[in-house]
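Reading through the structure tokens given below for one structure.
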Number of protein chains: 2
Amino acid sequence: MTTVIPIVSQNLRAACSACSLQELCLPAGLASDEMSRLDEIVNRKRPLKRGDYLYRAGSTLQSLFAVRTGFFKSCVMHDDGREQVAGFHMAGELLGMDGIGSGKHMCDTVSLEDSEVCEIPFGELEQLSRDIPTLQQHFHRILSREIARDYGVMLLLGSMRAEERLAAFLLNLSQRFAARGYSSKSFLLRMTRNEIGSYLGLKLETISRALSHFQDEGIIAVQNKSVEIKDADRLRAMVGQCAGHQ
Amino acid sequence: MTTVIPIVSQNLRAACSACSLQELCLPAGLASDEMSRLDEIVNRKRPLKRGDYLYRAGSTLQSLFAVRTGFFKSCVMHDDGREQVAGFHMAGELLGMDGIGSGKHMCDTVSLEDSEVCEIPFGELEQLSRDIPTLQQHFHRILSREIARDYGVMLLLGSMRAEERLAAFLLNLSQRFAARGYSSKSFLLRMTRNEIGSYLGLKLETISRALSHFQDEGIIAVQNKSVEIKDADRLRAMVGQCAGHQ
DNA sequence: ATCAAACCTTGATCTGTGTCAAATCGCCGG
DNA sequence: CCGGCGATTTGACACAGATCAAGGTTTGAT
């Protein structure tokens, strides 16, 4: 179909090949000349150290960001200082889409390990997507998938019990690592227990206890940040079979 | 700026003028010739009775829908039958955006009262938005606002206590009614206590008790489906001031 | 290498919501 | 107008998960 010319599109193609899951990436399915046009508007990759903010809530949205490498969290903040992790993001994912509506970012996005992103000026992306229908369609799908993901999180927060939420979370991470060519069985938790808890609407002690419990049951092995899934079937069975529907 | 020609755009303009909030509506800010092009692709309005499904989870996405009149809920369903209300929708809002990514609707959307929608074939909308930059930008903003809204729901589900959630919910409804020219003080709850509970991640008994409590405190007056907000300030104070951060 | 700070685990206890149950209300169809 | 069924309210009680507390461990800066 489309001939791949390796020289072209160093930036985005790298972000894309970092994950082997084409679907996530903006330029998937573009012809190589289209790809190079997209590549032209992408600013040079930008490195972030752990703890660096990619953008802050309230700041003006100029660009979207494609994660090349690393790991991010997005947090929405309440007036009173309460903070809720709205998502974790890895290679190949697009960040900043929540800010298009108002022109201002709605959340803080922070690097959880040394990371690299491509910056994509939003105005130019919009312009280009008028010329390249494939790009336009792809961008719409990515926006829509974020909405669908959010619905999943609502389901999780609204109707699952603690251990069920954690099981769903681990399976989700596992699957996303697998999609990027990493092990689905064994991976590192880039975030703290507190951050997992915030994302899942639970307290850090509850996360810690649930992990310990899973380990006692032989479902996983945990050691600090590293997790090994020993019985994925049992983990899957935990999601959606909790007798008590809360 | 743009001359408004009333004859043009009967369908969408009606959906739009149903709410006085331009921002929500797809054709906001279009020139009248652009408006008429948009209007051409919009299928005739479609009436729904209370309880009718606008679309079902898993069905192929053909169109998006703009609510002209009425009230809807969207529910995501878990494998085991658990159901979570993901949102309530009123005049001027666009429905179906969660299904663009996969080409299939991710949720059921059901009419909660006799309603009317405009059907907007998605492929043609995508086509047209390449020709009309204003439309494209507007569509992007609407998609993005849905993401931002979802982040708000996550904050609510993940870090607010029961009465705080309900207060936030009532204020949100109040504001949306006001934006459409209805009273912000006095309105009908189109959904059941059970549906409110599902949306807020609570049980119907908790909703009922919280409503009764608000009434005892003189913050609202409830009578079946009808609510009157008597002290909006106190309601606002409840959101974000709950000492216990859960 | 050392030290402080952040992070994690585990136990004991408390509490906000869920669960169960029963009575009442209100609406729709006949 | 009546009967029945779903929706709502309210109470009593149970329990999942929060809170409080105390140690222990890891990390990262100097």
Side-chain angles (χ1 to χ4, degrees), chain A residues 49-52 73 82-85 110-114 156-167 169 188-217 220-227 238 242-246, chain B residues 49-51 73 82-85 110 112-114 156-167 169 188-217 220-227 238 242-246:
Chain A
K49 290 212 171 296
R50 182 152 73 97
D52 285 353
K73 69 167 176 180
R82 261 176 295 182
E83 178 179 294
Q84 164 90 18
V85 174
V110 186
S111 174
L112 296 181
E113 61 177 335
D114 293 0
L156 182 143
L157 290 173
S159 62
M160 293 189 190
R161 3 198 64 224
E163 296 202 340
E164 207 180 350
R165 295 184 199 187
L166 185 61
F169 174 71
L188 290 183
L189 299 172
R190 255 53 209 232
M191 67 299 284
T192 67
R193 305 286 190 265
N194 194 32
E195 287 161 342
I196 298 173
S198 172
Y199 181 60
L200 299 179
L202 300 167
K203 289 290 151 184
L204 67 100
E205 293 95 330
T206 305
I207 302 300
S208 181
R209 276 187 250 270
L211 285 172
S212 298
H213 182 222
F214 285 179
Q215 178 157 243
D216 294 346
E217 295 281 315
I220 65 173
V222 215
Q223 168 106 107
N224 303 319
K225 302 264 179 207
S226 93
V227 171
M238 298 198 65
C242 260
H245 278 195
Q246 161 118 306
Chain B
K49 290 210 171 297
R50 182 152 72 99
K73 69 167 177 181
R82 260 177 298 182
E83 177 179 294
Q84 163 90 18
V85 174
V110 187
L112 295 181
E113 61 176 336
D114 293 0
L156 182 143
L157 290 174
S159 61
M160 291 187 190
R161 2 198 62 221
E163 297 200 341
E164 208 179 350
R165 294 184 200 188
L166 186 61
F169 173 72
L188 289 184
L189 299 172
R190 256 50 210 235
M191 67 298 285
T192 66
R193 305 287 190 263
N194 195 32
E195 286 161 342
I196 298 174
S198 172
Y199 180 61
L200 298 178
L202 300 167
K203 288 290 152 187
L204 67 101
E205 292 94 332
T206 304
I207 302 300
S208 180
R209 277 187 249 270
L211 285 173
S212 298
H213 183 222
F214 286 179
Q215 179 156 243
D216 294 346
E217 295 280 315
I220 64 172
V222 215
Q223 170 105 108
N224 303 320
K225 302 266 180 206
S226 92
V227 172
M238 298 198 65
C242 261
H245 278 195
Q246 159 121 306

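Chain A is the first sequence line, chain B the second, and so forth, proteins listed ahead of strands; every chain is numbered from 1.
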- When rounded to the nearest 0.5 angstrom, what distance separates CD1 in A:I207 from CG in A:L189?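 Rounded to the nearest 0.5 Å, the CD1-CG separation comes out at 10.5 Å.
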
Could you tell me the separation between the [atom1] atom of [X] and the [atom2] atom of [N], rounded to a whole number of Å?
X	N	atom1	atom2	result
A:L204	D:dA18	CG	C1'	11 Å
B:I196	D:dT8	CD1	P	8 Å
A:L188	D:dT27	CG	P	10 Å
B:L112	D:dA7	CG	C1'	15 Å
A:R161	D:dG17	CZ	C1'	10 Å
B:I207	D:dT8	CD1	C1'	12 Å

- Go through residues 208-217 of chain A and report each residue with a non-hydrogen atom lying under 4.0 Å from DNA chain D, sorted by number.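 Nucleic-acid contacts, sorted: A:R209.
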
- What nucleotide among D:dG17, D:dT8, C:dT17 has an atom nearest to a side-chain atom of A:L202?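 From the listed options, D:dG17 comes nearest.
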
- Task: Select one nucleotide: of C:dC8, D:dT19, C:dT17, the one nearest the side-chain heavy atoms of A:T192.
- Result: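 Selected nucleotide: C:dC8.
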
Would you say the side-chain atoms of [X] pair up with the backbone N or O of [Y], donor to acceptor, closer than 3.5 Å?
X	Y	value
B:E195	B:T192	yes
A:Q215	A:V222	yes
B:R190	B:L112	no
B:R82	A:S159	yes
A:R193	A:E205	no
B:D114	B:R50	yes

Can you see if the side chain of [X] gets near the phosphate of [N] - specifically, an N or O under 4.0 Å from OP1 or OP2?
X	N	result
B:T206	C:dG18	yes
A:K203	D:dA16	no
B:R193	D:dT9	yes
B:K225	D:dT8	yes

- Message: Is it the case that the base of C:dC25 and the side chain of B:Q223 share a donor-acceptor contact (distance under 3.5 Å, atom types as modelled)?
- Response: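 Looking at the base of C:dC25, it does not pair with any donor or acceptor on the side chain of B:Q223 (distance under 3.5 Å).
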
